[in-house]
Each structure stands twice: as structure tokens, then as C-alpha cells.
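Predicted model only: the values in this text are computed from it and were never measured.
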Amino acid sequence: MRKYICIATLLLYVSSFIRAQEVTEYKKASFKSGDFILPYRILYPVDYDTERSYPLVLFLHGAGERGSDNEKQLVHGSKLFLNAENRMKYPAIVVFPQCPKEGFWSNVDIRSGSDGTREFDFSPKGNPTASMQAVLSLLDSLSELAIVDKDRVYVGGLSMGGMGTFEIVRRKPRLFAAAFPICGGGNPRDAKGYARKVPFWVFHGAKDDVVPPELSKNMVEALKTNKGDVKFTLYPEANHNSWDAAFAEPDLLPWIFSNKK
């Protein structure tokens, strides 16, 4: 028994060590927007060359990864861009900002119904949240750098970050070359403002009991109605963690990086 405990402890240690190595690949940074400090992690390409320009990928995390440790936001999605083969095939600058504990990426009012369901009301107007404003300012700052290919800026996110993806595209429809919201949602009335400007690949789990799949379905329908370029993948057996299936899609990265303004 002691032997198995030792092996298990060793495996846990090795796993933690590998995880720590992965985290350090994403360099710690922060951005000041007014009085707001936005922590973020940034991953540079292998053999990074300051004389070149690279695609920029912005990834917005979900509500469970909020905080101030500048680490938790890497829990989901970071490994996709750390994969050695992916990094060589798709050299890019990847940014993971972190939303504070009580913050939110998008302007949405979430209410719980008497039957336990959740209702989401996305405001079509109003100023961005402090977190979103900081991300917008960070993007402006990064986009001005010569190392960023301004024709290849992409955004994606999951859950709260999927909602933030729809909103940030609404606010900067001319910036992004593609967007991939996962188990998110938005205001369908906004779609006409960006449907023809930004290609979308939308993901959701059909059994999602946290963020209703209808939110993604409604956005996909609105994008199609406004003649947008949109793909939709609904996983029949997936619940809220549809990001696992989305990140495993072999065509996700090829699709993202094939788009250009």
C-alpha cells in the first residue's frame, strides 16, 4: 500500500511540476487603465523575432477563473496554444487577461427564475464594464506594436468569456479577423453591426444547464439572418464544459488562423 501511495505522490508532484512549467511559459504582466489594474498573461512564439509581426489571440476566461492571482485564467484553453506542434505551426502572441472576482466581461443582467433556471438580459447599450474597458485599452496598446499583425487579431472565450467575445466584437468589429465564443451568448439585435465583418465559430453543449444553449442558437440565427459567416457546433451530450470538446476540434486552430482582414 505504501508503495502505491509513494507512486501516487510522485505522479502528483510531476503533474504539479509540469503545470508550473506550463504556467511560466505565459509571462506575467499587467495593464493600467485609469485606476483599474488588469493582470494578464502573455505567450510569445517559439523563436520570437522582434523584427516580425505575429497574429494576436485574445482569450477571455469564465466566471470561475476570476481573481487577482494572474494564474487561474490559464486553467482552460492555455494548453491548446502551448502544444509544441501548434506553436510551431501557428506562431502567435496569445493573451489571457484576468477579470477581478466581482467583475464581468460583458453588460449582462443574470436573474434566477423560480424554477431554478437562469435568465440573461444583454444590454445593447451602455459603457463597457471596468474589466472590458481595460481589455479594450490593452488591445489598443498591443495593436499599435509592430510585432502584431493588425490583419490577424482573434478573440475567443468560454462562458462569461464567450459572452465577452460577442460584446468585444460588437465594440470593435473592424479589429477582429475571427471569433470563437464557447457556451456564451449575446444580444441578437447587435449582430447586424458585425455579422458581415467578423467570421464566427460558435460552440455550445446541448445539455448545458448553466448557460442555456438557446443563447448561442439565437446569436447564430441572428448572424445568419444578417448574412454573416458563421459555423455552429452543438455537442449533443455536453453540459457546460463544452470547451473540452471545442479545444479538441482538429480544425479549430486551422480555422482561426486562416482568417485575415
Side-chain angles (χ1 to χ4, degrees), residues 15-16 18-31 33 36-43 56-83 86 92-110 118 120 122 128-139 142 154-169 179-186 202-205 208-212 215-216 235 238-249 252-253 256:
S15 176
S16 299
I18 293 173
R19 175 63 184 166
Q21 282 189 313
E22 290 174 347
V23 167
T24 57
E25 285 291 303
Y26 283 87
K27 305 305 178 186
K28 275 188 174 182
S30 63
F31 182 81
S33 175
F36 188 95
I37 303 296
L38 178 75
Y40 69 94
R41 291 291 188 120
I42 185 166
L43 177 72
L56 172 66
V57 181
L58 171 70
F59 193 86
L60 303 177
H61 64 76
E65 292 74 65
R66 290 178 294 186
S68 59
D69 64 351
N70 204 3
E71 182 172 330
K72 200 184 298 184
Q73 74 267 35
L74 297 175
V75 169
H76 302 299
S78 62
K79 289 183 180 180
L80 175 67
F81 301 101
L82 270 178
N83 176 279
N86 291 341
I93 299 168
V94 185
V95 175
F96 277 69
Q98 186 177 33
C99 184
K101 189 65 177 177
E102 302 303 322
F104 219 80
W105 296 127
S106 64
N107 281 328
V108 58
D109 181 25
I110 306 174
R118 304 168 84 209
F120 295 76
F122 296 91
T129 66
S131 301
M132 175 57 74
Q133 182 57 63
V135 171
L136 291 168
S137 298
L138 172 62
L139 273 179
L142 292 173
Y154 311 107
V155 62
L158 59 90
S159 194
M160 179 185 79
M163 299 172 197
T165 298
F166 282 112
E167 177 157 334
I168 201 169
V169 171
F180 53 105
I182 305 168
C183 57
V202 181
F203 302 89
H204 219 116
D208 195 328
D209 57 4
V210 178
V211 178
L215 295 184
S216 283
Y235 299 107
N239 200 301
H240 190 51
N241 64 331
S242 54
W243 53 80
D244 290 334
F247 294 145
E249 289 282 352
L252 178 57
L253 289 185
I256 291 172

Interatomic distance, [X] atom [atom1] to [Y] atom [atom2] [nearest 0.5 angstrom]:
{"X": "Phe166", "Y": "Ser216", "atom1": "CZ", "atom2": "OG", "result": "5.5 Å"}
{"X": "Asn83", "Y": "Leu253", "atom1": "CG", "atom2": "CG", "result": "8.5 Å"}
{"X": "Gln73", "Y": "His61", "atom1": "CD", "atom2": "NE2", "result": "6.0 Å"}
{"X": "Phe81", "Y": "Asn86", "atom1": "CZ", "atom2": "CG", "result": "8.5 Å"}
{"X": "Phe180", "Y": "Phe247", "atom1": "CZ", "atom2": "CZ", "result": "7.0 Å"}
{"X": "Leu80", "Y": "Ile256", "atom1": "CG", "atom2": "CD1", "result": "7.0 Å"}

Quick check: closest heavy atoms across [X] and [Y], and the distance to 0.1 Å?
{"X": "Leu142", "Y": "Val95", "result": "CD1-CG2, 3.9 Å"}
{"X": "Gly156", "Y": "Thr165", "result": "C-OG1, 3.2 Å"}
{"X": "Val211", "Y": "His240", "result": "CG2-CE1, 3.5 Å"}
{"X": "Leu38", "Y": "Pro97", "result": "CD2-CB, 4.0 Å"}
{"X": "Cys99", "Y": "Ser131", "result": "SG-OG, 3.3 Å"}
{"X": "Arg41", "Y": "Leu74", "result": "CG-CD1, 3.9 Å"}

(message) Taking side-chain contact (heavy atoms from CB on, under 4.5 Å) as the criterion, tell me which of Leu58, Leu43, Ile42 meets it with Val94.
(response) Leu43
Decide yes or no for [X] and [Y]: does some side-chain heavy atom of the first lie under 4.5 Å from some side-chain heavy atom of the second?
{"X": "Ile168", "Y": "Met132", "value": "yes"}
{"X": "Met160", "Y": "Phe104", "value": "yes"}
{"X": "Leu60", "Y": "Glu167", "value": "no"}
{"X": "Met163", "Y": "Phe122", "value": "yes"}
{"X": "Phe36", "Y": "Pro100", "value": "yes"}

Counting only N and O atoms by type, is there a donor-acceptor contact under 3.5 Å from the side chain of [X] to the main-chain atoms of [Y]?
{"X": "Arg118", "Y": "Ile110", "result": "no"}
{"X": "Glu249", "Y": "Ala246", "result": "no"}
{"X": "Asn239", "Y": "Asn241", "result": "no"}

(request) Could you list the residues that satisfy side-chain contact (heavy atoms from CB on, under 4.5 Å) with Ala238, not counting sequence neighbours? (result) Tyr235, Ser242
(request) Could you pull out all residues at least two apart from Ser137 that satisfy side chain to side chain donor-acceptor pair (under 3.5 Å)? (result) Gln133
(request) Specify whether Trp243 and His76 have parallel, tilted or perpendicular ring planes, treating 30° as the upper limit for parallel and 60° as the lower limit for perpendicular. (result) tilted
(request) Please list, chain by chain and in numerical order, all residues satisfying salt bridge (Lys or Arg N to Asp or Glu O under 4.0 Å) with Asp69, sequence neighbours excluded. (result) none
(message) Just to verify, which of Phe96, Tyr26, Tyr40 counts as forming a ring-ring contact (aromatic ring centres under 6.0 Å, His included) with Phe59?
(response) Phe96
